[in-house]
Amino acid sequence: MQPDERYGRRWLRATSAVFLKDWHAELRTRYAINALGMFVVTTISIILFSLGGEPASPEVLAGMLWVVLFFAAMSGMSRTFVMEEERGTAMTLQLQAPASAVYFGKLLFNLVLGAGLTLLTVVLYAVLIEGFVIRSYGVFIGVVTLGSIGLAAASTIIAAIIARANTKGTLYPVLSFPILLPLLMTVINATRLASEGTSWADAGGEFQILISYIVVVVTTSYLLFEYIWKD
Amino acid sequence: MAIRIHAEGLRQVFSRRTIFSGISFSVSGAGVLLIAGRNGSGKSTLVKILCGVLTPTAGWARIESDGAQDQFGRKAMIGLVAPYLQLYEEFSAMENLRMSMNLRGYRPSDDVSRGLLDRVALDAQRQDPVRGFSSGMKQRLKYAMALVHRPSILVLDEPMSNLDADGTAIVRSIMHEQRTAGILVVATNDLTDIDGWDTEVNLNAAR
């Protein structure tokens, strides 16, 4: 043991341990990966059948893309905290790692899961949905990247809040919706702008909102997490 | 390094039911603190408060140390073994210990891990997933996990649960070592689990 190591280094080791624990557990069980993959394929198929080859407006297609991403995130990102409670390992974790290391480790895991989810959804959506055309690729990549980070950030802290509730499955999307509403409205509008070929300057306002949202959610979560996590 | 556990006016209420109230005690230096009481008297609740994973309804419990404080605070000073403490069952015993060292911010050491597993007689099963362990083997692994950071305070809630004769002998040796090196806290109904104590907190009369 090296108790004289600097706190920052020990904290980073604890944070990466939380992330790697969840990552290796996920690779062994593949619960969230399989659930998210099936959810995305199923919902995009339903959208495809519903449209039936009929053209849809950029607003509708942009909205539907984020509906898929929102509900997919809701079905998979709560697992990181819910599993700790269901298996009874939450206290094991509390006894060992600082609360901030647990929060950032879990956030990192959800960011990676969210990045994979977004990539899969966007690729399938672009290939399968006729009429979904992106004219401004840079803006679109920026929007889905920031949108995915925002989804992961909000989902992580909401998952920590609902993990101890008896009605986790129902409570999660219900509680998430009002918190995610500013993010969803912004990304839907920015995705529509990207499909219409807008410039970076014209989409600047949307990016400012997205970055502010992420900063506010992560900072608030960091400050509140110890109280949510302890009792 | 002298270490003290100091609790003052502890009261715990769950769903308007008072579990205990007016609990005050102080333990310093090496020795044994016994937490006794019938089922439902709040032994495990008091253990959780001492370990810092539960905030009492009223009062406070502090761990004080004369030496340099570890940056991870109470987590670095306490090791807990309890029936409600669960292991990561999809990982092996070695992986659980490595993970525990990393979570505590220490660089993992296979030598330390194997030494601890050898002490609880699990070295031969070190690569097996914990999911396949018996309840007694899991209890032994919990002892290895609790000792990974050489805690000043070892807290044992029902210390002999699920253990066979060999396991009981291992735990008695761990308890004997801890009571001279630091503070041993034992919460139990069965006083044969423990070879004497210095301070007793009896929760039977603490409603």
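To find a chain, count down the sequence lines: A is the first, B the second, and so on, and within it residues start at 1. The structure displayed is predicted, hence computed values, not measured ones.
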Inset, instruction - Test A:E26 against A:R79 for salt bridge (charged side-chain N to carboxylate O under 4.0 Å, His left out), laying out the working first. - result: CA-CA 10 Å; A:E26 181 55 39; A:R79 293 300 298 169; over 6 Å; no
Legend entry - Contact check, side chains of B:T199 and B:V32, non-hydrogen atoms, under 4.5 Å: no
Inset, instruction - Examine whether an atom of B:I78 lies under 4.5 Å from a heavy atom of chain A, and if so say whether it belongs to the side chain, the backbone or both; otherwise answer neither. - result: neither
Inset, instruction - Under 4.5 Å heavy-atom distance to chain A, tell me which part of B:L85 shows up: side chain, backbone, both or neither. - result: both
Legend entry - Minimum side-chain heavy-atom gap A:Y213-A:L146 below 4.5 Å: no
Legend entry - Under 4.5 Å from any heavy atom of chain A - which part of B:E89: neither
Legend entry - No-hydrogen, no-angle side-chain donor-acceptor test under 3.5 Å, B:D157 and B:S44: yes
Legend entry - Contacting moiety of A:R28, where chain B heavy atoms sit under 4.5 Å: side chain
Legend entry - Neighbour count above 12 (heavy atom, 6.0 Å) for A:F71 CZ: no
Legend entry - Which atoms of A:A101 approach chain B - backbone, side chain, both or neither, heavy atom under 4.5 Å: neither
Inset, instruction - Answer with side chain, backbone, both or neither: which region of B:K48 has an atom nearer than 4.5 Å to a non-hydrogen atom of chain A? - result: side chain
Legend entry - Among the listed options A:T15, A:V102, A:T92, A:T89, the residue most often paired with chain B at heavy-atom distances under 4.5 Å: A:T89
Legend entry - From CZ (A:F39) to OG1 (A:T42), nearest 0.5 Å: 8.0 Å
